[in-house]
Amino acid sequence: MSQLSLFNSLTREKEVFSPIDPSHVKLYACGPTVYNYAHIGNARMAVVFDLLSRVLKTQFPKVTYVSNITDVDDKIIAASAETGEAIDVITCKFTDIYNDDMAALGCAKPDIQPRATTHIGEMIALITRLIEKGHAYEGEGHVLFNVPSFPAYGALSGRSRDEQIAGARVEVASYKKDPADFVLWKPSSDDEPGWDSPWGRGRPGWHIECSAMAEKHLGLPFDIHGGGADLKFPHHENEIAQSCCGVGALDDASAFAKVWVHNGFVTVEGEKMSKSLGNFTLAHELLDEGIKGEVIRLALLSAHYRQPLNWSEQAVHQAQSLLNKMYALLESMPHAEAGDVPPQILEALCDDLNTPKVISELHLLVAAKDVAGLKAAGDVLGILQEDPADWLSVDETETEQFDALLAERDQAKADKDWARADAIRDELAGHGYKIVDTQDGAQLQKL
RNA sequence: GGCGCGAUGGCAGAGUGGCUAUGCAGCGGAUUGCAACUCCGUGUAGACCAGUUCGAUUCUGGUUCGUGCCUCCA
């Protein structure tokens with residue numbers, strides 16, 4: 001059996017994964033703040049950690065994958081103010097859309113998907129504990145984490161507290177004892193969402209929810225904590241500080257989570273996809289355009305998860321092309337059953353999720369007509385879950401408008417009027433369809 | 001400025017101290033309709049400069065360039 005290795009951001013080394021309890025592996029990944037649609041950069045995180053949980057499940061008898069929904073945040077408040085929709089309407093709506101879109105990308109729902117707003121009590125309890133232990137203090141209605149009280153601060157991001165201060169863009173509010181201190185709890189005005197607490201009506205800071213929810217659902221320490229690379233600092237660094245201090249592990253940044261896994265960004269023309277740059281593509285839009293979820297998923301896995309992934313038509317095209325090939329083979333052998341996951345696939349996955357290598361192995365499986373291996377590989381990768389005939393056909397209601405053209409082309413072929421036949425092919429290509437002549441006559445496929 | 005990451009053939013993208021990555025595109029061929037699909041064949045790439053070595057794309061150092069975090073961010 002292949003042994004899983006993962007690059008641990010905390011040690012900056014690829015390590016053989018060795019669970020705290022091999023009978024129950026625990027994984028947490030920071031999920032979305034639900035105030036709008038997920039773009040494919042957000043989707044990459046969901047796909048990567050879904051894949052990791054699937055691979056873990058092939059290696060260990062029990063895996064609990066937790067990924068949260070952040071449903072209290074200043075951005076949500078701002079979105080509500082802008083649209084006039086109630087906050088819970090917005091968060092419910094976009095939670096559902098997120099789950100639907102990720103399901104379309106082949107992501108199983110996490111075993112537990114905790115919401116921040118249903119864990120306020122746990123957050124207050126953790127904050128209270130931090131105050132009691134001298135790691136947090138109250139000031140002007142805020143509760144702040146005192147960074148100098150945690151000697152191991154900076155272990156994950158590799159920056160010292162002095163460097164962070166040198167960044168100079170940190171807001172130094174009057175109630176902060178140290179410029180690096182960050183908010184655990186902040187006061188809410190009457191028109192903002194808030195909960196009663198020992199420090200007055202307020203709401204949690206951004207970082208505390210993950211500490212509280214991970215501890216509640218997984219216990220400390222747990223095995224793997226993941227998220228996008230941009231969360232390393234300050235979010236994950238602060239989670240470590242809160243959680244380690246909560247359990248009194250002042251010098252051990254691994255007392256929260258043992259292995260930290262960070263996925264790289266999706267880029268567009270070499271630049272990070274981000275909302276502020278406006279260069280984002282929504283997963284929802286791509287699905288609406290008729291690009292299949294599995295195509296998006298495979299395209300997102302076409303680069304190694306820690307490398308940047310440049311989103312392009314060509315990446316989509318390559319993923320589509322491979323899936324078409326695989327489904328065509330599956331259709332030709334409809335009664336084949338899934339076998340064991342081919343060892344070379346498992347080996348590549350176990351090597352820090354080397355999905356580009358996996359994809360090359362998929363091509364080789366197609367060439368070898370190894371349907372049983374492909375099906376098994378598809379199950380662990382979260383692809384090849386559709387009916388091959390459905391995959392290869394196109395929606396007839398969409399294409400019946402072209403039936404007359406196809407009939408005309410059949411006649412043109414019979415008349416050996418190749419110029420006309422090819423003109424029709426070109427015309428349909430303009431509509432996004434490819435004509436494939438089969439024994440049953442001409443059929444259309446999406447380009 | 002501080003701290004990271006990266007640089008592979010037209011494009012995407014791996015492994016590897018010496019032995020074909022893989023795919024997309026292109027080109028040649030078979031089949032076909034002079035198409036499409038399919039099949040066969042086809043690519044001396046490794047930013048630059050040193051060093052280690054019998055031998056480096058792979059290890060080490062430096063340079064250049066790109067990019068990310070340091071502020072909300074997957």
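Every heavy atom of this structure was used, including side-chain atoms; hydrogens, water molecules and symmetry mates were not. Just so we're on the same page: letters track the sequence lines, and every chain starts at 1.
Across all strands shown, A:K272 has heavy atoms under 4.0 Å from base atoms, whether or not it also approaches the sugar-phosphate. At a threshold of 4.0 angstrom between heavy atoms, the contacts of A:S302 are confined to the sugar-phosphate backbone, with no base atom among them. No engagement by A:V48 is indicated, since no non-hydrogen atom pair under 4.0 Å with the nucleic acid exists. Heavy atoms of A:H262 sit nowhere under 4.0 angstrom from any nucleic acid atom. At a threshold of 4.0 angstrom between heavy atoms, the contacts of A:R420 with the nucleic acid are absent. As judged by a 4.0 angstrom heavy-atom cut-off over every strand, A:G227 is placed among residues touching the sugar-phosphate backbone only. If you check every strand for non-hydrogen atoms under 4.0 Å, A:T267 touches nothing. Residue contacts shown for A:N263 include a base, since a base heavy atom lies under 4.0 Å away.
Under the 30°/60° scheme for interplanar angles, the aromatic rings of A:Y175 and A:H142 are found to lie parallel. In this structure, A:W260 and A:H262 have parallel ring planes: the angle between them is below the 30° cut-off, well short of the 60° mark.
Atom CG of A:D417 is separated from atom P of B:A35 by 16 Å (rounded to the nearest Å). In this entry the distance linking CH2 of A:W311 with C1' of B:C11 reads 16 Å, nearest Å. Separating the NE2 atom of A:H236 from the P atom of B:A74 is a distance of 10 Å, rounded to the nearest angstrom. B:A12 atom P lies 18 Å from atom CG of A:L301, rounded to whole Å. Separating the OH atom of A:Y305 from the P atom of B:G13 is a distance of 17 Å, rounded to the nearest angstrom. Rounded to whole Å, the distance from CG on A:N42 to P on B:C72 is 17 Å. Per the geometry, CG belonging to A:N310 stands 15 Å off P belonging to B:A7, to the nearest Å. For the pair A:H304 NE2 and B:G13 P, the computed distance is 13 Å after rounding to whole Å.
Of the two residues near RNA chain B, A:H39 and A:K369, the one whose nearest nucleotide lies more 5' is A:K369. Where A:R44 and A:R12 meet RNA chain B, the nucleotide closest to each residue was compared, and A:R12 sits on the side nearer the 5' end.
Base pairing of B:G28: its partner is B:C40, meeting the Watson-Crick or G-U wobble criterion (both donor-acceptor distances under 3.5 Å). Nucleotide B:U52: unpaired (no Watson-Crick or G-U wobble partner with both distances less than 3.5 Å). Searching all strands for a Watson-Crick or G-U wobble partner of B:A45 with both distances below 3.5 Å returns nothing. The partner of B:G15 cannot be assigned: no Watson-Crick or G-U wobble pair with both contacts below 3.5 Å exists in any strand. Across the strands present, B:U64 finds its partner in B:A7; the criterion is a Watson-Crick or G-U wobble pair with both atom distances under 3.5 angstrom. As the counterpart of B:C69, B:G2 is assigned, both hydrogen-bonding distances of the Watson-Crick or G-U wobble pattern falling under 3.5 Å.
Taking atom P on both B:U44 and B:U22, the two are 13 Å apart, rounded to the nearest angstrom. Look at the C1' atom in both B:A12 and B:C49: the space between them is 29 Å, to the nearest Å. Here, B:C39 and B:U31 have their C1' atoms 8 Å apart, quoted to the whole Å. Nucleotides B:C70 and B:U63 place their P atoms 26 Å apart, quoted to the nearest Å. Across the P atoms, B:A74 and B:G23 are found 36 Å apart, a figure rounded to whole Å. For the P atom pair drawn from B:C3 and B:U71, the interatomic distance equals 16 Å after rounding to whole Å. With both ends at atom P, the span from B:G46 to B:A30 equals 34 Å, rounded to whole Å. For the C1' atoms, the distance from B:C40 to B:U53 is 41 Å, rounded to whole Å.
A side chain to side chain donor-acceptor pair (under 3.5 Å) with A:D351 is found for one member of A:K14, A:K357, A:H304 and no other, namely A:K14. Screening A:V72, A:V34, A:T33 for a side-chain contact (heavy atoms from CB on, under 4.5 Å) with A:T91, the sole residue that qualifies is A:V34.
Nearest to the side-chain atoms of A:K413 among the listed nucleotides B:C72, B:A14, B:G33 stands B:G33.
Annotation: side chain of A:C210 is in contact with side chain of A:N68 (closest heavy-atom distance under 4.5 Å).
The backbone N or O of A:D181 lies less than 3.5 Å from a partner atom in the side chain of A:K176, making a donor-acceptor pair. At least one donor-acceptor pair under 3.5 Å links the side chain of A:D73 to the backbone N or O of A:K75.
Between A:I296 atom CD1 and A:L287 atom CG the span is 4.0 Å, to the nearest 0.5 Å.
Counting non-hydrogen atoms of neighbouring residues, nucleotides and ligands closer than 6.0 angstrom, the NZ atom of A:K369 reaches no more than 12 such neighbours.
Applying the ring pair (Phe, Tyr, Trp, His ring centres under 6.0 Å) test to A:H207 and every residue at least two apart in sequence or in another chain returns A:F182, A:H235.
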Its contact letters, B for base, S for sugar-phosphate only and - for none at protein heavy atoms under 4.0 Å, make nucleotides 22-28 of chain B read SBSS---
